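Everything below concerns the one structure shown next.
None of the values given here were measured: they were computed from a predicted structure. The first residue in the sequence is number 1, and the count goes up from there. Excluded from the calculations below are hydrogen atoms, water molecules and symmetry mates; all remaining heavy atoms, backbone and side chain alike, are included.
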Amino acid sequence: MTIASPHLGSPAVWTDARLLYALEEVVEQELNRHLKVAKDWMPHEYVPWTDGRNFPGLFEDGEAWDKEQSKVTEIGRIALVVNLLTEDNLPSYHHEIASLFGRDGAWGTWVHRWTAEEGRHGIVMRDYLLTSRAVDPDKLEQFRMSHMSEGFESDNRHSMLHSVAYVAFQELATRISHRNTGHQSGDPVCDRMLARIATDENLHMVFYRNLLKAAFELAPDLTMQAVRDVVVNFRMPGHGIPGFERAAAQMAIGEVYNLRIHHDDVLQPVLRHLKVMEIDGLGPEGQKAQEELGLYMGGLDAEALKFDEKLAARKARMAARAGA
């Protein structure tokens with residue numbers, strides 16, 4: 001992909017390769033900052049191993065799974081499965097970003113570090129779910145095989161800028177989803193585990209958000225267009241999970257992740273921090289993208305308001321039934 005930028009003087013032309021090279025110093029700075037503030041942690045320390053017991057299979061004393069064996073709530077169970085299956089696709093995510101960002105220099109060091117940190121999330125979540133018997137282990141494995149067998153291709157693999165913009169929002173969305181799942185899980189052990197994961201996701205978001213800021217300074221028009229495209233077409237990476245639409249609807253009602261949360265806690269914080277709507281001096285395409293982004297955010301807020309009203313009405317009906 002080759003696009004001309006009027007802000008760097010004719011005949012300056014940006015390609016993905018030139019953008020990667022131009023941003024590498026920022027990547028190195030952000031990598032060094034990340035390594036200073038990130039804390040290593042042990043997944044096994046967050047798992048209640050003494051609660052574990054055998055499942056049927058090779059062990060004659062295996063006990064069949066039953067949802068009553070776990071204190072995790074129904075919405076917590078649904079969200080945990082979605083969150084874990086999303087984390088399970090790490091090999092595909094690594095392939096995507098390694099192919100786009102490269103395996104050399106600061107970019108490559110970050111790609112491998114990010115992958116190593118994300119690997120902990122899947123490890124600790126699966127160990128917790130099986131040990132605490134929060135989910136049906138057979139169905140969980142069937143879902144994993146089905147989801148990973150489909151493969152994964154990023155919606156933004158065509159563009160380095162689009163990919164950076166996407167992960168700046170997606171890492172925050174993942175943090176929020178994990179954190180809210182912990183709050184709704186009904187299990188303090190689960191809440192602590194997901195809080196630890198959420199801390200990692202927040203640091204990843206900061207890395208990409210700061211990189212996106214540098215991209216705005218370097219190529220404002222192109223970056224604005226990338227942000228507009230990503231925000232308008234945003235999908236979570238787990239959208240290919242079997243039964244995702246139904247699970248997403250249940251998570252929305254359960255206030256794990258919905259339109260209001262997406263608008264207020266994911267999109268707005270990143271846009272506000274980068275002062276995206278205040279950037280001036282843009283060319284025609286950049287101005288158009290900025291205006292379209294503003295219109296979209298206004299429309300999304302209106303849609304979120306409608307959802308809020310429906311959710312409030314649903315809660316009122318449920319409260320009335322409970323009091324009857």
Side-chain angles (χ1 to χ4, degrees), residues 1 3 5-7 14 19 86 96 100 153-177 180 201-202 204-206 208-240 244-245 247-249 251-253 255-312:
M1 184 183 70
I3 308 175
S5 172
H7 292 276
W14 283 119
L19 283 166
T86 300
E96 291 283 312
L100 190 63
E153 289 189 1
S154 170
D155 294 334
N156 302 287
R157 64 187 317 196
H158 63 286
S159 160
M160 175 269 202
L161 275 180
H162 282 71
S163 295
V164 169
Y166 174 75
V167 288
F169 294 104
Q170 178 265 317
E171 293 283 5
L172 182 53
T174 304
R175 169 189 177 264
I176 295 297
S177 180
N180 288 343
E201 302 290 7
N202 196 64
H204 297 164
M205 178 276 295
V206 171
Y208 287 118
R209 186 190 64 190
N210 291 350
L211 193 56
L212 188 59
K213 179 181 179 181
F216 265 117
E217 296 170 355
L218 194 66
D221 284 335
L222 299 183
T223 307
M224 185 66 74
Q225 292 171 68
V227 168
R228 173 204 57 197
D229 294 344
V230 163
V231 168
V232 170
N233 300 297
F234 186 87
R235 295 195 298 175
M236 290 293 276
H239 59 79
F244 178 78
E245 289 76 12
M251 290 168 66
I253 294 172
E255 298 182 88
V256 172
Y257 201 94
N258 55 40
L259 283 177
R260 175 53 62 199
I261 293 169
H262 183 60
H263 178 277
D264 290 2
D265 299 337
V266 177
L267 299 182
Q268 283 285 30
V270 175
L271 296 175
R272 187 165 51 243
H273 181 87
L274 297 177
K275 300 181 179 179
V276 171
M277 303 311 298
E278 300 173 28
I279 295 175
D280 55 17
L282 296 166
E285 291 300 315
Q287 288 180 354
K288 179 183 177 184
Q290 188 180 49
E291 291 169 1
E292 290 175 347
L293 179 61
L295 289 172
Y296 177 81
M297 290 298 294
L300 183 63
D301 187 41
E303 288 297 313
L305 181 59
K306 292 178 182 177
F307 175 83
D308 292 340
E309 293 170 348
K310 291 180 180 178
L311 185 59

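For Ala215 against Leu161, the heavy-atom pair with the smallest separation is CB-CD2, 3.7 Å. In terms of heavy atoms, Leu100 sits closest to Ser159 at CD2-O, 4.0 Å. The two atoms that bring Asp265 and Leu172 nearest to each other are O-CD2, 3.4 Å, heavy atoms only.
Residues passing the salt bridge (Lys or Arg N to Asp or Glu O under 4.0 Å) test with Glu255, sequence neighbours excluded: Lys315. By the side-chain hydrogen bond (donor to acceptor under 3.5 Å, both in side chains) test, Glu153 pairs with Arg157, sequence neighbours left out. Every ring-ring contact (aromatic ring centres under 6.0 Å, His included) that Phe234 has, sequence neighbours left out, goes to Tyr166, His262. Taking the side-chain contact (heavy atoms from CB on, under 4.5 Å) definition, one finds that Leu295 meets it with nothing, sequence neighbours left out. Listed by chain and residue number, nothing satisfies the side-chain hydrogen bond (donor to acceptor under 3.5 Å, both in side chains) test with Asn258 (two or more places apart in sequence, or in another chain). For Tyr208, the side-chain hydrogen bond (donor to acceptor under 3.5 Å, both in side chains) criterion is met by Trp110, not counting sequence neighbours. Under the rule for a ring-ring contact (aromatic ring centres under 6.0 Å, His included), His263 has no partner lying at least two apart in sequence or in another chain. Applying the side-chain hydrogen bond (donor to acceptor under 3.5 Å, both in side chains) test to Arg272 and every residue at least two apart in sequence or in another chain returns nothing.
For the pairing with Leu212, the side chain to side chain contact (heavy atoms under 4.5 Å, CB included) check across Val276, Val227, Val230 returns one residue only, Val227.
Within the 4.5 Å cutoff, side-chain heavy atoms of Phe169 are placed close to those of Val231. The side-chain heavy atoms of Met297 and Gln268, taken from C-beta on, include a pair separated by under 4.5 Å. Between Met205 and Arg175 there is no side-chain heavy-atom pair separated by less than 4.5 Å. When side chains are defined from C-beta on, Met236 does not count as touching His239, because their heavy atoms never get closer than 4.5 Å. Between Gln170 and Val167, the closest side-chain pair of non-hydrogen atoms falls below 4.5 Å.
Sorted pairs that involve residues 277-286 and meet salt bridge (Lys or Arg N to Asp or Glu O under 4.0 Å), not counting sequence neighbours, are lacking altogether. Pairs of residues two or more places apart, or lying in two chains, that qualify as salt bridge (Lys or Arg N to Asp or Glu O under 4.0 Å) and include a residue from residues 223-234 are Arg228-Glu292.
Rounded to the nearest 0.5 angstrom, Leu274 CG and Asn210 CG are separated by 8.0 Å. Atom CD of Gln287 sits about 7.5 Å away from atom CD of Gln290, to the nearest 0.5 Å. Summarising the geometry, atom CG belonging to Leu259 is positioned 8.5 Å from atom CG belonging to Asp308; distances are rounded to the nearest 0.5 Å.
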Show me the side-chain donor-acceptor pairs of residues 299-306 shorter than 3.5 Å, one per line, residues at least two apart or across chains.
residue: Asp301; atom: OD1; partner: Arg260; partner atom: NH1; Å: 2.8
residue: Asp301; atom: OD1; partner: Arg260; partner atom: NH2; Å: 3.3

Query raised in the report: side-chain contact (heavy atoms from CB on, under 4.5 Å) between Met251 and Ser177: does it pass, once the steps are laid out?
Result: CA-CA 9 Å; Met251 290 168 66; Ser177 180; 3.9 Å; yes

**Report entry** Candidate pair Val164 and Leu19, rule side-chain contact (heavy atoms from CB on, under 4.5 Å), full reasoning
**Finding:** CA-CA 11 Å; Val164 169; Leu19 283 166; over 6 Å; no

Query raised in the report: Can you check side-chain contact (heavy atoms from CB on, under 4.5 Å) on Ile279 and Lys275, steps first, answer last?
Result: CA-CA 7 Å; Ile279 295 175; Lys275 300 181 179 179; 5.5 Å; no

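A donor-acceptor pair is defined here as one N or O able to donate and one able to accept, closer than 3.5 Å; such a pair exists between the side chain of Glu96 and the backbone of Ser154.
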